[in-house]
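Here's the structure we're looking at; comments come further down.
The structure presented is a predicted model; accordingly, all values stated were derived computationally and were not measured. The chains referred to below are lettered A, B, ... by the order of the sequence lines, with proteins before strands, and numbering in each begins at 1.
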There are 2 protein chains.
Amino acid sequence: MSAQPLDSSEHRSGALLDHLARRMRLRSESVLAPLGLRPRHLVALTVLRAGGGTGQQALAAILEMDSTNIVGLLNDLEAKQLIERRRSPEDRRRHVVELTEDGAKRLSEAECALAGAEDEVLGALDPAERETLYKLLSRASSGTAVNCTEAICVTDDAC
Amino acid sequence: MSAQPLDSSEHRSGALLDHLARRMRLRSESVLAPLGLRPRHLVALTVLRAGGGTGQQALAAILEMDSTNIVGLLNDLEAKQLIERRRSPEDRRRHVVELTEDGAKRLSEAECALAGAEDEVLGALDPAERETLYKLLSRASSGTAVNCTEAICVTDDAC
DNA sequence: AGGAATCGTTCGTGAGGCACCAACTATTTA
DNA sequence: TAAATAGTTGGTGCCTCACGAACGATTCCT
């Protein structure tokens, strides 16, 4: 047997991450629908806000999605004018994807709208803990710290 | 209306949760395959370890899955003898679901096997931060604190 | 006792996510 | 010029999952 109790505290977050993400996603769907967004769009927008100006194959790598499916995703967002595709001046094959002002605004609105959902899912955590969680998640999601500028709720309705 | 600008720093973890869960799940699939498990199974086992002895409709509520799909999930796990369904003595309609010893062991093995995957996904976090993350996630995932007893890796290979 | 509600089970259906392949254009690089 | 790369389009197929219908077993209500 040779039971090597490695670090003793060997806690794997994978399943919990999965579980919470699912619970959050279920609630998000309905909340996001009136904004014309789906959870996956929100992920893309969030990533773009964090590390904007990336080519869309780089984006595919970050999101770990197939490049061909990225196209459709971005088509949705571009049709709603939440992102812009511009050809890169350095390499004109490349489409540089960036959040538009509308996109940043819509993202903020969406995040506001998700407050209720998050309250349900993270109800057991107090505000400080949620903030800690947020910081850990955003650090983890982009290897380097997400600068994650001030996303202020500027809507007059949802907040 | 009534725009209450709540806490100013209004950070929503939903998208990040989704993103990280996806990345984790992609890696988990291949790692878990040799163990005959899939990410969803792991979630169920984790929940059962945390709050075992639940009826399976209660389980459906926790996992927020349709009851009918729970059946298939549990069938898989029972076929592998990782869980047991026993009729509740109090209410014989009810099937009380519990982890078997094999199930607990397999779960630990799986968690060990996921170390590599987690290293990739949470690479930006140091061990202490990962532990913090784990605690926050497990607190959140079950309203009341998951007692989350010592899950020691007792395998001789993977660890 | 009889009837309604509940738990679990099985089967089927349909929508949607997603990986993958193939072919094509535009552009860069060797 | 030839090869490689970025993006796009269209199509295919698998898997997940929510949902509905029907059923046996059991409990609860009156």
Mind calculating the distance between CZ (A:Arg87) and P (C:dT25) to the nearest angstrom?
15 Å
Neighbour count >12 (heavy atoms, 6.0 Å) for atom CZ, B:Arg94
no
Under-3.5 Å N/O pairs linking protein and nucleotides 19-22 of chain C:
unit_1 : atom_1 : unit_2  : atom_2 : d
C:dA19 : OP1    : B:Arg22 : NH2    : 2.6
C:dA19 : OP2    : A:Asp66 : N      : 3.3
C:dA19 : N7     : A:Asn69 : OD1    : 3.1
C:dC20 : N4     : A:Thr68 : OG1    : 3.3

One pair to check against side chain to side chain contact (heavy atoms under 4.5 Å, CB included): B:Thr132 and B:Leu125. What are the steps and the verdict?
CA-CA 10 Å; B:Thr132 303; B:Leu125 304 181; over 6 Å; no
Transitive ILVMFWY side-chain link B:Val121 to A:Val43, under 4.5 Å:
no
Student check: side-chain heavy atoms of A:Leu59 and A:Leu74 closer than 4.5 Å
yes
Report yes if a side-chain nitrogen or oxygen of B:Arg40 is closer than 4.0 Å to either non-bridging phosphate oxygen (OP1 or OP2) of D:dC17; otherwise report no.
yes
A:Arg87 and A:His95 side chains, donor-acceptor separation under 3.5 Å
yes
Take the protein atom CD of A:Glu29 and the nucleotide atom P of C:dA15, then report the distance between them rounded to whole Å.
16 Å
How many Å lie between NE2 on A:His41 and C1' on C:dG16, as a whole number?
13 Å
side-chain N/O B:His95 vs C:dT9 OP1/OP2, d < 4.0 Å
yes
Taking A:Ser67 for the side chain and A:Ala60 for the main chain, is one N or O donor matched with an acceptor at less than 3.5 Å?
no
Every stem of 3 or more Watson-Crick or G-U pairs under 3.5 Å that DNA chain C joins, in order of first number, is C:1-30 with D:1-30
Thinking salt bridges, do B:Glu101 and B:Arg106 make one under a 4.0 Å N-O criterion?
no
Got a salt bridge between A:Arg38 and A:Glu29, using NZ or NE/NH1/NH2 to carboxylate O under 4.0 Å?
yes
Check each residue of residues 73-86 of chain B for a non-hydrogen atom within less than 4.0 Å of any atom in DNA chain D, then write out the ones that pass by number, or none.
none
Once you round it to whole Å, what is the distance between C1' of D:dA6 and CD of A:Glu90?
14 Å
Report yes if some heavy atom in the side chain of A:Asp126 is under 4.5 Å from a heavy atom in the side chain of A:Glu129; otherwise report no.
yes
Output the rounded distance in Å from CD1 (B:Ile70) to C1' (C:dG8).
12 Å
Verify the cluster assignment for B:Val31 and B:Leu82: are they in a single hydrophobic cluster under the rule of side-chain heavy atoms below 4.5 Å apart?
yes
Touch class at under 4.0 angstrom, heavy-atom based, for B:Gly55 against every strand present:
sugar-phosphate
What nucleotide among D:dT26, C:dT28, C:dG17 has an atom nearest to a side-chain atom of B:Asp91?
D:dT26
Under 3.5 Å: donor-acceptor pair, side chain of B:Glu118, backbone of B:Ala115:
no
Does a side-chain N or O from A:Arg93 land closer than 4.0 Å to OP1 or OP2 of C:dT28, or not?
no
